[in-house]
Amino acid sequence: MPQITLAFSVALVVLGVGAWFAAGQSSITAMIPAFFGLPLGVAGMLALREGWRKHAMHSAAAIALLGAFGSLGRALPGLDLSDPLRLATVVQLVMGVSLIVFLVLCVCSFIEARKLQRAAA
């Protein structure tokens, strides 16, 4: 799971930097996905160490939950299908959906780890 966390981290940083360039480097808020990707990456790096894995992955899940709520909370009310989608709305939707997918993967991983722990006991 740490490698998956690092992959999602890189994807969010690329999304944020790409959005910033697409917005003409005029708005720092276009980098918000990168601002969530960086701490997610730190959690992923910490999770590579066996002793830190549990806490780091729970931290990564918390970061993802905050990011998903924040991005979807801003994107969904702003959806107006009669108008063309704005870049900000698209980026928020991509970030939110990506983080929801990551959260589902985290929960599945947590459940599997619990099953393995019980089987070993």
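What's counted below: heavy atoms across the whole structure, side chains too, no hydrogens, waters or symmetry copies. The model shown is predicted, which means the values in this text are computed figures rather than measured ones.
- Residues Leu93 and Leu76 are in side-chain contact: their nearest non-hydrogen atoms beyond the backbone lie under 4.5 Å apart.
- In this structure the side chain of Val107 reaches within 4.5 angstrom of the side chain of Ile111, judged on heavy atoms.
- Using a 4.5 Å cut-off on side-chain heavy atoms (C-beta onward), Leu72 and Ile100 make contact.
- Across all their heavy atoms, Ala47 and Ala56 have their closest contact at N-CB, 3.6 Å.
- The line from NZ of Lys115 to CZ of Phe110 is 15.0 Å long, rounded to the nearest 0.5 Å.
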Go through it in stages, so that I can follow the logic: the residues are Leu79 and Leu85, the test is side chain to side chain contact (heavy atoms under 4.5 Å, CB included), and I'd like the CA-CA distance, side-chain angles, deciding distance and then a yes or no.
CA-CA 7 Å; Leu79 275 179; Leu85 286 176; 3.5 Å; yes
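- Of all non-hydrogen atoms in Ala30 and Ala23, the two that sit nearest each other are CB-CB, 4.4 Å.
- In terms of heavy atoms, Phe8 sits closest to Leu105 at CE1-CD1, 3.9 Å.
- Judged purely by atom type and a 3.5 angstrom limit, Ser9 has no side-chain atom pairing as donor or acceptor with the backbone of Thr5.
- The minimum heavy-atom distance between Leu87 and Ala19, with the atom names listed, is CD2-O, 3.8 Å.
- At least one donor-acceptor pair closer than 3.5 Å links the side chain of Ser71 to the backbone N or O of Gly67.
- By the 4.5 Å heavy-atom criterion applied to side chains, Pro33 and Val91 are counted as neighbours.
- For the side-chain contact (heavy atoms from CB on, under 4.5 Å) with Ser109, the qualifying choice from Met1, Met57, Arg114 is Met1, the only one to do so.
- With rounding to the nearest 0.5 Å, the separation of CD in Gln25 from CH2 in Trp20 is 4.0 Å.
- In terms of heavy-atom proximity, Leu46 sits nearest to Trp52 at O-CB, 3.3 Å.
- Phe35 has its side chain out of reach of Leu12: every pair of non-hydrogen atoms, C-beta onward, lies at least 4.5 Å apart.
- Side-chain atoms of Leu48 and Gln3, non-hydrogen and from C-beta on, do get closer than 4.5 Å to each other.
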